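Below: one structure, written as C-alpha cells.
Throughout, a chain's letter reflects where its sequence line sits, starting with A, and its residues are numbered from 1. Quantities reported herein were computed from a predicted structural model and do not represent experimental measurements.
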Amino acid sequence: VIRVVIADDHPAVRMSFEAYLGAQDGIEVVGSGHNGAEAVALARSHEPDVVVMDVRMPVVDGIEATRQIKRLVPATRVILVSAYEETELQDSGRQAGADRYVFKGITGRGLADCVRAVTS
Amino acid sequence: VTIDAVAVLAIALLALLVVAWTWRSARARSREAEALARVQLYLAKAYAVRDGALEASRTGVCVFGVQGEARFANSTFVRLLGPARSWDAFVALLGRLAGATPGRPGQALRVRSDDGRLLSLGFAPLPTGELLASVDDLTDQQRERELRGRLIAETVAAQEREARRIGELLHDDAVQQLTALGLQLELEAQRSGQPALSELAAGCGSIISSLRRLLAELHPAVLESQGVAAAIDGAAETLRSRGVVVEVRPFAMRLGAELERLVYRLVQEALSNVLKHASATRVEVALTTAGDAFRCRVSDDGCGFEPDSLETAVNDGSLGLHIVRERVELAGGRFLVESRPGQGTAFSFELPIEPAILTPAQEDTA
C-alpha cells in the first residue's frame, strides 16, 4: 500500500484529494494538512511514501515544505500540484527536490497514476 | 549806352542764374530731407511692427545691436531673465546659471533660473547684424510631461493591481472549486459507472486549463523574470490553442518594469483583437528599438478591415483599440493601424524610451 499525505489550504480540494486517492486500490491517505508546515510535521511523524501538496499555501509554501521534507525524510516522494504554469515555479519546485509538478485540473486517475509512478 | 546795357543785362542774367541754382539746391535738399524723413518713418514703423510681433511672442526675445547694446526686450524676456542690458550681461547671466557660454547659433541651452524655472536659451544672428536672444519657459511643459508620466504609471499599476486581484480570486475560488468538483465527479463516475459523470469531470478539467491560461495572462511572472518577448510568447498561447501560428521575434533588451508592463498589455490587447475579429492563421510580433524609440508591430494575415470603420467601431462602443491609442499617445508615443479588407492588419506603435533604461537581457543560467 502506498501511504500518502495530502496538504492543501483549500478544504474542498483537500477533501476531494483525500476522498479520491483514499478510494483507489493500493493507496492509503494517512494524513492531511492545511499548509506546508503541517505537511512537514505529518511527513516527519508518518514517514509516508508520497506527499501530495499545493504550491501556494500559507505559513510555509509547498516549495519550502518540499525542501524541508526532502531533508528530513529523504525517502518520501513529493508531488506538487499548482494552478500556476510559470516555468519559474516549476524550476523552483524541482530545485527543492519535488519528484513531480502537476497542474490543478489533472484528473483523479492521472494523479493516482502519478502517485504510483513516483513510488515504482 | 550799348556797353552799359549789355553789362546790366549780363549782371541780371548772372543774378538770375545764381537765384535759379540756389533755388534748385534748396529744393534738392528739401527733397533729400523729405526722403530721409520717409525712410526714418518707414524704419520706425518696421521696428514698431517687429517689436510688436516680438512683444506678442510667447518666447522671450531680446535684440542686441551691433555694439552689443540691448535694443529691445519683450516683457516675457524681462519677466524670465530680468531687464536686458547688453550682450555681455546676457553671456554673464548664462555663465552664472549654467556655467556655460551661449554655444552655437541655434543651439538651445537648458538652465534653471534663480526662481527654479526650467528655461531654454538660444540665440541667432539677424540679417541686420544684430543678435536675437531667445528664452522659452519649459517649466509647465516639463510639469505636464511629468504629470502624464505619473498618470500612465498609475493607470498601468492600477490595471496590474486589478489583474492580480482577479487572478487571486480565480485561483483561490473558481480553480479550487472546479478541482474539487472534478475529482468528486470522477469518483462518483468510478463508483456508479456512469459515463456522463466522467464527461462532466473532463469538462471541469478543460475549464481549469482555460483558467490557468487566463491566470498566466493576468499576472505573467515571466514578464518580470524574462522580459516582454517571453511574456508575449506566453500570451500567444491562447491564439495557438485555436490553431493560429504565432511568431514572436526574439527581443533580448529589457525596457524597465513600467514600460514592459505597458508594452505587454498593449500587445495583449492587439492579440485579443486578432482572436476576436481577424480570423487569422498567422500572426507575427516584432519588437525593436531604434535610437530613443521602442517599436512594436503585430501583423496578421486575417480578414482585415477598412481603417475608417475603426472610428465607426469606436462610436459603436468598441473601445479596445481606442484605449490602446489613448495609452500610447499618453505615453508620448505614436499608434498606427494599417489594414485593407482581405489583406490582413498591421497594428504598430512607437514609444519614447530613455536609452539609460535599456539593458541587455541577463544570461539565462537556469
Side-chain angles (χ1 to χ4, degrees), chain A residues 4 6-27 29 32 34-35 52-58 61-63 79-96 101-115, chain B residues 164 167-192 197-227 230-231 233-235 237-238 241 362 364-366:
Chain A
V4 177
I6 289 161
D8 196 306
D9 58 322
H10 199 286
V13 175
R14 192 173 59 251
M15 286 189 285
S16 53
F17 276 159
E18 281 177 48
Y20 188 89
L21 290 177
Q24 305 310 303
D25 289 340
I27 296 178
V29 177
S32 69
H34 303 72
N35 56 53
V52 175
M53 67 181 157
D54 194 9
V55 171
R56 296 215 168 151
M57 290 187 290
D61 68 23
I63 306 284
I79 299 172
L80 288 173
V81 189
S82 175
Y84 294 101
E85 296 184 12
E86 273 93 0
T87 318
E88 284 72 21
L89 273 181
Q90 296 180 47
D91 290 344
S92 301
R94 282 192 204 97
Q95 281 162 16
Y101 189 108
V102 299
F103 301 118
K104 286 205 168 159
I106 187 172
T107 59
R109 186 173 179 178
L111 186 62
D113 288 347
C114 212
V115 167
Chain B
R164 192 181 291 251
E168 283 171 1
L169 282 174
L170 283 176
H171 175 265
D172 295 345
D173 191 36
V175 170
Q176 311 300 340
Q177 299 279 9
L178 280 165
T179 300
L181 180 64
L183 285 169
Q184 286 160 17
L185 285 168
E186 201 177 333
L187 186 57
E188 279 307 306
Q190 208 175 59
R191 285 172 177 160
S192 65
L197 293 178
S198 291
E199 285 171 24
L200 286 173
C204 286
S206 298
I207 297 169
I208 293 169
S209 297
S210 300
L211 288 175
R212 280 207 318 266
R213 274 201 297 274
L214 185 59
L215 280 176
E217 285 186 30
L218 284 169
H219 181 59
V222 69
L223 181 62
E224 286 160 28
S225 61
Q226 292 177 44
D233 200 54
E237 283 306 315
T238 307
S241 71
Q362 297 293 309
D364 186 3
T365 53

Q) For the atom pair NE2 (B:H171) and OG (A:S82), what is the distance rounded to the nearest 0.5 Å? A) 5.5 Å
Q | Residues forming a side-chain contact (heavy atoms from CB on, under 4.5 Å) with A:H34, sequence neighbours excluded | A | A:R14, A:E38
Q) What residues, two or more places apart in sequence or in another chain, satisfy side-chain contact (heavy atoms from CB on, under 4.5 Å) together with B:A202? A) none
**Q.** Toward chain A: residues of residues 182-190 of chain B with heavy atoms under 4.5 Å
**A.** B:L183, B:Q184, B:E186, B:L187, B:Q190
Q: Give the minimum heavy-atom separation between B:A180 and A:S16, together with the two atoms involved.
A: CA-OG, 3.3 Å
Q: Write down the atom of A:K104, the atom of B:I208, and the distance for their closest heavy-atom approach.
A: O-CG2, 3.0 Å
Q: Can you establish whether the number of heavy atoms outside B:R213 located under 6.0 Å from its atom CZ is more than 12?
A: yes
Q. Can you name the side-chain contact (heavy atoms from CB on, under 4.5 Å) partners of B:D172, sequence neighbours left out?
A. B:E168
